[in-house]
Amino acid sequence: MNDYDPKDMEPKWQKIWEETKPYEAKGSDKPKYYALVEFPYPSGEGLHTGHVRSYTAMDIVARKRRREGFDVLYPIGWDAFGLPAENYAIKTGIHPSITTQKNIETYRKQLKALGIWFDWSREVDTTDPKYYKWTQWIFLKFLEHGLAYKAKTVVNWCPKDKIVLANEEVVSGKCERCGTEVEKREKEQWMLAITKYAERLDKDLDDVDYSERIKLQQRNWIGRSEGALIKFGEIEIFTTRPDTIFGATFVAIAPSVAKRLTGKDFGIVSDTDRENKEKLGVDTGLRVRNPATGEDVPVWVVNYVSADYGTGAIMAVPAHDVRDFEFAEKYGLQKKYVVIPRIPDLTNPHVPGKEIVFRNGVMAIVRNPKDGKIINLKWKKQPWTTFVMGGIEEDESPEVAARREIHEETGYKNLKFVRILGGPVQSEFFAAHKDLNRVAHTWQILFDLENDEKDEIGEEEKEMHDIVWVDVEELKSVRLSHAEAELVIDRLVNGEKPYTGEGILINSEKFNCLESADAKKKITDAVEGKWVTKYKLRDWIFSRQRYWGEPIPVIHCEKCGYVPVPEADLPVLLPEVAAYQPGPDGESPLANISEWVNTTCPKCGGSAKRETDVMPNWAGSSWYFLRYADPHNNTEFASKEALKHWMPVDWYNGGMEHTTLHLLYSRFWNKFLFDIGLVPQSEPYTRRTSHGLILAEGGEKMSKSKGNVVNPDTIVNQFGADTLRVYEMFMGPFDQAIAWSEASLVGPRRFLEKVWRLKEKINNKEIENKNAEILMHETVKKVSDDIESLAFNTAVSALMIWTNSLEKREAVSEEEFETLLKLLSPFAPHMTEELWENLGQKGSIHEEAWPAFDKAKLSKKETVIVIQVNGKVRASLTTPSDTTEVKLKEMALQSPGIQKWLEGRQIVKFIVIPNRVVNILTT
RNA sequence: GCCGGAGUGGCGGAAUGGUAGACGCGCACGACUCAAAAUCGUGUCUCGCAAGGGGUGGAGGUUCGAGUCCUCUCUCCGGCACCA
């Protein structure tokens, strides 16, 4: 009975498909569909479960598309340059290409055993000279258009291994291999000017269908921001907050900028890439003019400004920037408040039509240092509790005003000024006792009581309020009648923090009372600054001092400089080396082969040296999707016709971890090739989605070192490829990380067995009844829709529900069974093909048209209506669909068990939502 | 610190503002069996004998009705991080 056995069935069909090649893209007249997954790095560990997740998902999409009438391209290849093969070569002396080819063989076998229908005739391999010839060729195009250049950059250097390390080889500042502390070294490197494309890489995201989190992550990475370039004397600074310029009390510059300016080394090292680094700085002695205030301000060299963002110089505004604040506190530099928050009192808002009256005020926080208690005033005629407060008179400083108010309102006279709590705020409220709308700029000042000595206060004041002493904890629960109470208490408890938000300008001469947003450009204009856009994105360091990569096709000649290798001489082949160790000065191992390095200059014919750096392993993957269109072309990287036919990629699925590097790099290459007229679209991918990580059973990351890696082969052997595929689709939402669960695999396996057994129930009768037919059409719709929205888990669930229902029946019609198989076939291609054959069908189920649903057959005859009384479910009712409201009301009242809820009550209202709910509201 | 995402049974997870827990795993009981496995059936949020009550991290709010919308808050995950 239970004779479902994938062991023979799966290899059998794989062999047949291998021979009939149903998966090859034809380039026919049918509409094209290009489905793409990230090609794997063929590591020694073999395929992992994450590959299966992504590849199966797109396999399902690709199969569905084919059956919807598309000519589908779903290719695969190998991103085969990379460190593991090279490190293995250093250890064993085995050439990386041998290791790589062996691994590719394994991957191929594994992928085929999963029944994924890749177009194997279009395989690409980035390490194949026929492929990397064109990677080199594209590099020469970059060079030709001035987008590849040499520059000195800082690299990670392991002094023991004498090797330049990739960032991923540096683990908490140490060499991953030998544990030696990594040093920073300057080195001349090839760069690609991706920053020239920053604006378009950002803006063009508007027009592509990437999931929001992908777009967001790319935008953050590109880091567009607008701001002003403003000259402080000879120093030009960049700021996004020109509205705070009146508070710029010094200028901070990066060490290299200081050196350039003064020729001196101040012993400060720029260290902007380490977290929680203590801020350090030295006064250069230079003074420059703040163009807004006209005052001279000091110039400091600091370690927290980096030379390569903006201009390497900033105007420091301690009152409104956390970093400047921290630095100014440490070195005792001046702080000036120029932007204050607007705090409208929501419980007591401005009354429209009433006069608006402005005042400068103070709020005095009077503390008894003995017990830490604070004075509150409890007002007698108004429901208010406040601190001591009042207006600042002409010629008064805030402190003097505060002392006067304290004396008037409390009688205390011996007070010690402690500190200003923070910058003033603008509160906006309706002053009921004066019948006016108040806009107040209020300083908060903390005083300690020196002693109890106090004068008698006036009768008038006494009548107004009582004095209450409250400790800080209680303060939080007192409902203080200040809009800014929360801010003030925070400043009192946690100390001052700079106000970095936008707000209203003060102390800014003619710009006072403007809003920040408004003031930014006005001030920039006034100081003759320039409004500019900046990006965080940096140019791409394109050199690697390694062996296993594409040689950079450039020759250096003493006379002619850097000369591109002529196109006819491409590819520059990776030479055989005796050892894979780096060169004596950390160069690539290629530097050790003098007969390869020494060559002649293509320009002047004199002696010259080859570039020994190779490309990063991001190079080959930056354009592989183009090569798939025309993988065997020997004269072009891909023909224009082929590109025009297949590009753009309609749907590209891959890992979230490639969002910022690979995805951005490949968009950049594609845009460049578009600009020089070699590819047809500016954006390579129409739609991009990401699958979630598959974690190990305990929720940790799978890793070789933890020994918790699940090998797909084991699962295929034990359960079959179809079960593995269905399981991975069913396990949870596709875009979320999820833990592997061996125990849960039996569910999908049982489901497939159940489908398998259904064949016993087939007869040729019509579909049994209307409900069965509805379920069929519902399932067709649900599965079709869910595949499009990557909701594979609920698609499988819908198939299970239908299967369970069919299984309970005596007999199943042929139409139902065939439809079920068709829907299931992209998920479980082998067993459905087998069952299809058993049915006596000619040809492959995978060539059958995708099932369509009939909209008219989706609507149910009967609907369950929920009856609520006062929002609580009290009964339910099966009614013909689309019963009218009036009828529903009637039926609801008559339905059993409802009357008792209505006894002794008056019905106030009916809420009737047809086909859903009747809610009866009573008194 | 900043920017995202997520918190629902024993577990993975469902749920256009309309019966919370679909589907699957696990578990319990039953059928079949000499027995077991497999399979099938029934049950499985929680308190309660029941009638009913409570329940989607927590506190408020909007609504006839909130897992879903709004405000605040806690926790976890991801990304960026002295970016001016």
Side-chain angles (χ1 to χ4, degrees), chain A residues 1-2 212-221 223-225 227-228 237-241 244 252 254 270-279 302-306 308-317 320-324 326-327 497 500 534-538 656-657 659-660 692-693 699 726-727 730-733 735-751 753-754 757 791 793-804 807-808 864-876 900 908-913 915-922:
Chain A
M1 175 81 182
N2 181 23
E212 275 312 309
R213 60 176 182 156
I214 295 175
K215 285 192 186 186
L216 199 83
Q217 211 165 300
Q218 285 218 353
R219 289 215 157 97
N220 287 344
W221 188 264
R224 180 196 153 92
S225 64
I237 60 95
F238 175 67
T239 179
T240 57
R241 292 298 303 274
T244 63
S270 185
D271 216 347
T272 54
D273 60 345
R274 262 190 227 171
E275 54 189 285
N276 297 331
K277 187 81 186 172
E278 198 196 345
K279 289 188 175 43
V302 301
N303 66 343
Y304 72 93
V305 167
S306 56
D308 55 354
Y309 185 76
T311 59
I314 62 164
M315 63 175 204
V317 186
H320 302 295
D321 181 280
V322 277
R323 295 147 303 183
D324 300 340
E326 199 186 308
F327 188 80
K497 291 185 201 102
T500 58
K534 292 271 171 197
Y535 299 90
K536 283 191 225 172
L537 188 70
R538 300 295 148 83
M656 214 46 211
E657 69 275 18
T659 302
T660 47
L693 227 55
V726 173
Y727 169 66
F730 181 62
M731 65 196 302
D735 59 351
Q736 271 171 44
I738 194 155
W740 185 263
S741 165
E742 185 89 38
S744 298
L745 267 156
V746 298
R749 170 66 190 240
R750 280 180 198 154
F751 161 60
E753 286 171 3
K754 215 179 268 187
R757 287 196 307 269
N793 54 334
T794 49
V796 174
S797 160
L799 290 169
M800 286 172 167
I801 291 169
W802 191 23
T803 303
N804 289 345
E807 200 224 7
K808 286 195 176 69
V864 177
I865 302 286
V866 172
I867 302 166
Q868 302 180 331
V869 178
N870 294 322
K872 288 206 184 295
V873 177
R874 296 304 181 190
S876 67
K900 73 170 176 181
V908 179
K909 197 178 174 186
F910 278 93
I911 308 246
V912 183
I913 313 291
N915 294 331
R916 292 237 183 252
V917 72
V918 177
N919 192 359
I920 306 167
L921 304 184
T922 71

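Just so it is clear: chains get the letters A, B, ... in the order the sequence lines come, proteins before strands, and each one is counted from 1.
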Checking understanding here: a glycosidic angle within 90° of 0 is syn, the rest anti, so what is B/rG60?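 Because its glycosidic torsion lies more than 90° from 0, B/rG60 adopts the anti conformation.
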What is the distance from [atom1] of [X] to [atom2] of [N], rounded to the nearest Å?
{"X": "A/Lys497", "N": "B/rC2", "atom1": "NZ", "atom2": "P", "answer": "10 Å"}
{"X": "A/Met656", "N": "B/rG78", "atom1": "CE", "atom2": "P", "answer": "13 Å"}
{"X": "A/Lys279", "N": "B/rA84", "atom1": "NZ", "atom2": "P", "answer": "14 Å"}
{"X": "A/Arg749", "N": "B/rA38", "atom1": "CZ", "atom2": "P", "answer": "13 Å"}
{"X": "A/Lys808", "N": "B/rU39", "atom1": "NZ", "atom2": "C1'", "answer": "13 Å"}
{"X": "A/Lys900", "N": "B/rA51", "atom1": "NZ", "atom2": "C1'", "answer": "6 Å"}
{"X": "A/Tyr727", "N": "B/rC11", "atom1": "OH", "atom2": "C1'", "answer": "11 Å"}
{"X": "A/Lys536", "N": "B/rG79", "atom1": "NZ", "atom2": "P", "answer": "15 Å"}

Determine the interatomic distance between [atom1] on [N] and the same-named atom on [M]; round to the nearest Å.
{"N": "B/rU56", "M": "B/rG9", "atom1": "C1'", "value": "10 Å"}
{"N": "B/rC3", "M": "B/rC47", "atom1": "P", "value": "42 Å"}
{"N": "B/rC45", "M": "B/rA22", "atom1": "C1'", "value": "15 Å"}
{"N": "B/rG60", "M": "B/rG53", "atom1": "C1'", "value": "23 Å"}
{"N": "B/rA59", "M": "B/rG52", "atom1": "P", "value": "27 Å"}
{"N": "B/rG18", "M": "B/rC11", "atom1": "P", "value": "26 Å"}
{"N": "B/rG57", "M": "B/rU68", "atom1": "P", "value": "8 Å"}
{"N": "B/rA31", "M": "B/rC25", "atom1": "C1'", "value": "23 Å"}

Taking all atoms of both residues into account, what is the closest heavy-atom pair of [X] and [Y], and its distance?
{"X": "A/Asp324", "Y": "A/Met315", "result": "OD2-O, 3.9 Å"}
{"X": "A/Val302", "Y": "A/Ala252", "result": "CG2-CB, 3.8 Å"}
{"X": "A/Ala254", "Y": "A/Ser306", "result": "CB-C, 3.9 Å"}
{"X": "A/Val305", "Y": "A/Gly312", "result": "CG1-O, 3.4 Å"}

Six-ring centre of A/Phe327, A/Lys279 cation under 6.0 angstrom, axis tolerance 45°: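 Cation-pi check for A/Lys279 and A/Phe327: fails.
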Of all residues at least two apart in sequence or in a different chain, which pass the ring pair (Phe, Tyr, Trp, His ring centres under 6.0 Å) check with A/Trp740?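 Testing A/Trp740 for ring pair (Phe, Tyr, Trp, His ring centres under 6.0 Å), a comparison that skips the adjacent residues, returns A/Tyr727.
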Base, sugar-phosphate or nothing for [X]? Non-hydrogen atoms, less than 4.0 Å.
{"X": "A/Ile738", "answer": "sugar-phosphate"}
{"X": "A/Val866", "answer": "base"}
{"X": "A/Asn793", "answer": "sugar-phosphate"}
{"X": "A/Ser876", "answer": "nothing"}

Set of residues satisfying side-chain contact (heavy atoms from CB on, under 4.5 Å) with respect to A/Lys497, sequence neighbours excluded: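 With sequence neighbours excluded, A/Lys497 shows a side-chain contact (heavy atoms from CB on, under 4.5 Å) to A/Asp490, A/Asn494, given in chain and number order.
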By side-chain contact (heavy atoms from CB on, under 4.5 Å) - contacts of A/Lys909 (at least two apart):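 If we apply the side-chain contact (heavy atoms from CB on, under 4.5 Å) test to A/Lys909, skipping adjacent residues, the hits are A/Ile911, A/Leu921.
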Please list, pair by pair, any protein nitrogen or oxygen found under 3.5 Å from a nitrogen or oxygen in nucleotides 62-65 of chain B.
| from | atom 1 | to | atom 2 | distance (Å) |
| --- | --- | --- | --- | --- |
| B/rC64 | O2' | A/Asn919 | ND2 | 3.3 |
| B/rC64 | O2 | A/Asn919 | ND2 | 2.6 |

State, with a plain yes or no, whether a side-chain heavy atom of A/Lys900 is found less than 4.5 Å away from one of A/Arg874.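 Of all side-chain heavy-atom pairs linking A/Arg874 with A/Lys900, none is under 4.5 Å.
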Are side-chain heavy atoms of A/His320 and A/Thr500 found at a separation under 4.5 Å?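 SC-SC contact between A/His320 and A/Thr500 ruled out.
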Pair assignment for [N], Watson-Crick or G-U wobble, requiring both distances under 3.5 Å:
{"N": "B/rG4", "answer": "B/rC77"}
{"N": "B/rG30", "answer": "B/rC40"}
{"N": "B/rU56", "answer": "none"}

Both A/Gly312 and A/Trp221 contact RNA chain B. Taking the nearest nucleotide for each, which residue is further toward the 5' end?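 Upstream on the strand: A/Trp221.
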Are A/Ser225 and B/rA84 close enough that a side-chain N or O sits under 4.0 Å from OP1 or OP2?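 Yes, within the criterion.
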Would you say A/Lys872 reaches B/rG54's phosphate, i.e. side-chain N/O to OP1/OP2 under 4.0 Å?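 For A/Lys872, the contact criterion (side-chain N or O under 4.0 Å from OP1 or OP2 of B/rG54) is met.
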Every protein N/O lying under 3.5 Å from an N/O of nucleotides 3-6 of chain B:
none

Is a side-chain donor or acceptor of A/Asp321 paired with a backbone partner of A/Ala316 at a separation under 3.5 angstrom?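 No, A/Asp321 side chain to A/Ala316 backbone: no donor-acceptor pair under 3.5 Å.
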I'd like to know whether A/Ile314 forms a side chain to side chain contact (heavy atoms under 4.5 Å, CB included) with A/Tyr304, so could you lay out the CA-CA distance, the side-chain angles of the two residues, the decisive distance to 0.1 Å, and finally the verdict. CA-CA 10 Å; A/Ile314 62 164; A/Tyr304 72 93; 4.2 Å; yes
Could you go through nucleotides 23-29 of chain B and list every protein N or O atom that sits under 3.5 Å from one of its N or O atoms, giving the distance for each pair?
| from | atom 1 | to | atom 2 | distance (Å) |
| --- | --- | --- | --- | --- |
| B/rC23 | O4' | A/Ser797 | OG | 3.3 |
| B/rG24 | OP1 | A/Asn804 | ND2 | 3.0 |
| B/rC25 | OP1 | A/Arg750 | NH1 | 2.7 |
| B/rG26 | OP2 | A/Arg750 | NH1 | 3.3 |

Without hydrogens or angle criteria, can the side chains of A/Lys536 and A/Asn220 be said to hold a donor-acceptor pair below 3.5 Å?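 No donor-acceptor contact under 3.5 Å links the two side chains.
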